[in-house]
Amino acid sequence: MNELSKNVRDLSAEPYDTRTLLKNAVEQAIERRYEDFFMVDVDSHHYETESFAEIVSYIRNPVIREEAKFQGMSRGGITSENGSYQELTGRITRYPKRKTEKVPPTPHRDITLAERWMDSLGVDMAILFPTPMLNLANCPRFEVELELAHAYNSWLCDTILDSAPRIKSMLYLPFNDPDACYDTVQKFGHRKGVVGFMVTSTHYCRNYENSYMKTYAALQERNLPLGFHAGFHWSEQSQALANRFMAVHALGFTWSNMVHMANWLVNGMPERFPKLKTLWIESGLAWVPFLMQRFDNEFMMRTSDAPLLKRKPSDYMREMYFSSQPMEMVDNRKALEVTFEMIKAETQLCYSSDYPHWDMDLPSTIFDLAFLDESAKRNILGGNAQRLFNLEPVLSPVKQARKAARASGGS
Amino acid sequence: MAEILICREGDLVDGGVMVVTAGRVEIGVIRHKDQYYAYRNRCPHQGGPVCEGVRLPQVQDLIGEGGVYLGQAYDEDDLHIVCPWHGYEFHLSNGCHVGDQTVRLKKYDVIKRDGTIYVAV
């Protein structure tokens with residue numbers, strides 16, 4: 001071996017490890033001194049399907065439990081109904097290699113993996129969501145959605161949230177069954193790490209139906225936010241016109257939340273539940289100014305269509321919360337700045353990575369925005385989520401150590 | 001200009017990558033069809049380790065006479081470096097992003113001398 005070879009890595013000999021993949025993110029965290037403030041990621045994911053054998057044991061109905069054991073749960077291959085190739089044919093290496101990553105026997109694998117990427121990015125706390133379950137509401141058998149929602153929520157509380165104080169979740173609401181949504185809030189609303197509840201946006205339920213009102217009232221009473229997590233469903237009729245995933249993703253993730261936002265507004269839900277906080281997740285930001293402009297214009301001509309609203313629709317939207325990812329950043333800095341102003345980002349926008357998904361955003365996407373001052377950056381990267389979810393702002397052990405090293409004269 | 005020794009020629013197999021650290025900079029050295037390419041291991045998008053992903057050829061939509069779509073194929077003569085974080089694709093030949101030539105990787109010269117590979121920095 002020559003003298004310089006210690007500086008050379010042969011990638012063919014390296015095992016996959018989240019910390020290696022994200023080593024450049026660590027550099028960003030150190031350079032930007034993320035240890036100086038509390039950072040929250042309000043939308044991250046794990047692959048619950050990899051723990052499906054554990055989750056199945058929480059299914060109460062013995063018939064569905066046996067079916068689930070036999071059938072399993074996965075997104076399916078290229079011929080599946082959703083036809084997805086979201087993983088970009090292996091281009092995003094964490095998809096095919098994730099399963100090979102070595103972890104210690106304890107804690108649970110999902111905790112270790114989450115804390116590895118969180119520490120790399122500089123995130124102190126993360127709101128964790130499932131992945132394939134985001135399309136569970138499209139299962140034609142509502143009882144399956146109900147059973148899996150109960151099983152997943154129970155498993156997540158018992159296995160992850162009880163023992164990982166840095167990981168929180170907004171639990172899955174089985175939206176096809178309004179009574180079960182209410183029961184879910186009653187059963188899990190007090191559990192450790194549960195900071196709200198989440199509706200997956202790819203469903204065909206009307207969020208203004210009277211049967212949901214008791215759920216909204218229960219959330220408002222507990223001061224627990226309601227999240228609408230966007231998604232795509234390639235089998236939805238208009239999206240089925242598309243033949244490339246980029247089109248389905250760009251449209252589906254915005255459209256699914258636009259529909260629910262529209263119904264939420266014109267039916268006056270912000271007036272009916274004025275203290276219920278809503279978080280609109282993973283639709284990016286460009287759709288928000290669009291809807292604000294569109295709705296304000298129409299509202300001024302058709303106030304009779306939304307008689308419960310006492311102000312313009314955009315006034316209500318500015319009081320809602322939005323997750324940042326996937327933030328539209330390419331070649332449109334002025335548009336982005338206007339968007340931040342229009343949505344009152346300094347108090348309403350919450351950073352989200354969506355890690356480990358293919359379109360994840362690093363904290364630097366917010367931190368490096370020249371039009372934000374230091375206070376706005378810190379609010380968006382953590383302060384707004386801290387207030388929204390009533391979180392205790394505790395820095396991660398890695399960031400505490402980094403801060404202590406600096407205080408003692410280290411770099 | 002300094003030269004950094006990477007490896008003996010045979011140590012890097014065709015299709016393989018080695019990453020060398022030069023001060024605070026990482027450089028990926030890629031061998032493809034007996035040509036060597038060297039780029040800074042940092043994606044201009046969000047800073048991902050761009051040389052540590054896969055390499056894939058350009059995907060083509062094949063269009064026939066009258067604008068008729070015929071299907072898709074790979075252009076094996078245009079291999080891309082694909083950033084593993086988000087899938088940004090860059091031409092291996094020049095380091096330019098496939099969709100925007102102004103977004104590019106920093107390129108380094110590779111020197112072959114006496115059966116040994118060096119990168120000039």
Side-chain angles (χ1 to χ4, degrees), chain A residues 1-14 16-17 20-32 86-97 117 120-121 243-246 325-327 329-331 353-368, chain B residues 2-8 11-31 40-57 59 61 69 72 74 80-89 97 99-100 102-103 116-119:
Chain A
M1 298 290 279
N2 57 68
E3 190 182 339
L4 290 172
S5 64
K6 62 181 182 295
N7 295 331
V8 178
R9 296 160 49 209
D10 180 356
L11 299 192
S12 66
E14 282 192 353
Y16 176 78
D17 190 289
T20 306
L21 177 72
L22 295 176
K23 65 187 186 320
N24 291 1
V26 176
E27 274 184 35
Q28 292 183 17
I30 292 170
E31 285 168 4
R32 290 161 178 77
Q86 181 163 203
E87 294 80 359
L88 265 170
T89 320
R91 289 171 175 86
I92 310 298
T93 54
R94 55 190 174 276
Y95 283 102
K97 292 184 176 176
W117 70 253
S120 298
L121 267 60
N243 66 338
R244 301 280 164 85
F245 183 78
M246 188 173 84
Q325 179 277 345
M327 201 163 76
M329 291 176 288
V330 176
D331 297 340
S353 74
D354 197 39
Y355 195 83
H357 294 167
W358 62 275
D359 51 347
M360 58 102 170
D361 281 344
L362 264 66
S364 57
T365 57
I366 298 291
F367 192 89
D368 294 352
Chain B
E3 290 182 2
I4 301 176
L5 186 150
I6 304 299
C7 60
R8 302 287 301 172
D11 292 343
L12 183 54
V13 298
D14 206 75
V17 183
M18 286 194 180
V19 174
V20 62
T21 304
R24 297 193 62 199
V25 174
E26 279 192 344
I27 299 166
V29 181
I30 299 167
R31 180 179 173 188
R40 187 173 181 195
N41 189 27
R42 181 170 299 232
C43 183
H45 174 220
Q46 291 194 34
V50 66
C51 297
E52 298 184 34
V54 298
R55 267 79 54 209
L56 279 176
V59 174
D61 276 347
Y69 174 72
Q72 288 194 318
Y74 282 124
H80 297 170
I81 298 170
V82 185
C83 181
W85 275 10
H86 299 94
Y88 265 45
E89 294 193 31
H97 186 273
D100 184 344
T102 66
V103 178
T116 302
I117 305 298
Y118 303 85
V119 169

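The model shown is predicted, which means the values in this text are computed figures rather than measured ones. Every chain is numbered from 1, with letters handed out A, B, ... down the list of sequences.
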Worksheet item: At a heavy-atom separation under 4.5 Å, does B:N41 approach chain A through its side chain, its backbone, both, or neither?
Response: both

Worksheet item: Are any side-chain N or O atoms of A:R94 and backbone N or O atoms of B:P84, one a donor and one an acceptor, separated by less than 3.5 Å?
Response: yes

Worksheet, complete the sentence: In this structure, CD1 of B:I6 is separated from CG of A:D10 (nearest 0.5 Å) by 11.5 Å

Practice prompt. Using a 4.5 Å cut-off on heavy atoms from C-beta on, say whether the side chain of A:R244 contacts that of B:D61.
Written response: yes

Worksheet item: Under a 4.0 Å N-O cut-off, is there an ion pair linking A:E31 with B:R24?
Response: yes

Worksheet entry | Under 4.5 Å from a heavy atom of chain A, the part of B:V50 involved | neither

Worksheet item: Near A:D331 CG, under 6.0 Å, is it more than 12 heavy atoms from other residues, nucleotides or ligands?
Response: no

Worksheet item: Can you tell me how far CZ of A:R9 sits from CD of B:E26, rounded to the nearest 0.5 angstrom?
Response: 5.5 Å

Discussion item. Tell me which of these, B:T21, B:L12, B:I27, B:V13, has more heavy-atom pairs under 4.5 Å with chain A than the rest.
Written reply: B:T21

Worksheet item: Of the backbone (N, CA, C, O) and the side chain (C-beta and beyond), which part of B:C51 lies under 4.5 Å from a heavy atom of chain A, both, or neither?
Response: backbone

Discussion item. Please determine whether the number of non-hydrogen atoms from other residues, nucleotides or ligands lying under 6.0 Å from atom NZ of A:K97 exceeds 12.
Written reply: no

Practice prompt. Identify which of B:A22, B:G16, B:G15, B:P49 forms the greatest number of heavy-atom pairs closer than 4.5 Å to chain A.
Written response: B:P49

Worksheet item: With a 4.5 Å limit on heavy-atom distance, are the side chains of B:R42 and A:E27 in contact?
Response: yes

Item to complete: Tell me, please, which residues at least two apart from B:R31 pass side-chain hydrogen bond (donor to acceptor under 3.5 Å, both in side chains).
Response: B:D34

Worksheet item: Hey, are the side chains of B:D100 and A:V330 touching, using non-hydrogen atoms and a 4.5 Å cut-off?
Response: no

Fill in: Spatial distance of atom CH2 (B:W85) from atom CG (A:N24) [nearest 0.5 Å]
5.0 Å

Item to complete: Would you please name every residue forming a side-chain hydrogen bond (donor to acceptor under 3.5 Å, both in side chains) with A:S364, sequence neighbours left out?
Response: A:Q28

Item to complete: List the atom of B:L5, the atom of A:V8, and the distance in Å for their closest heavy-atom pair.
Response: O-CG2, 4.1 Å

Discussion item. So for A:A13, is it side chain, backbone, both, or neither that comes closer than 4.5 Å to the heavy atoms of chain B?
Written reply: neither

Worksheet entry | Separation between NE2 of B:H86 and CG of A:L88, rounded to the nearest 0.5 Å | 11.0 Å

Worksheet entry | Part of A:T93 within contact of chain B (heavy atom distance under 4.5 Å) | both

Item to complete: State, with a plain yes or no, whether a side-chain heavy atom of B:Q46 is found less than 4.5 Å away from one of A:M329.
Response: yes

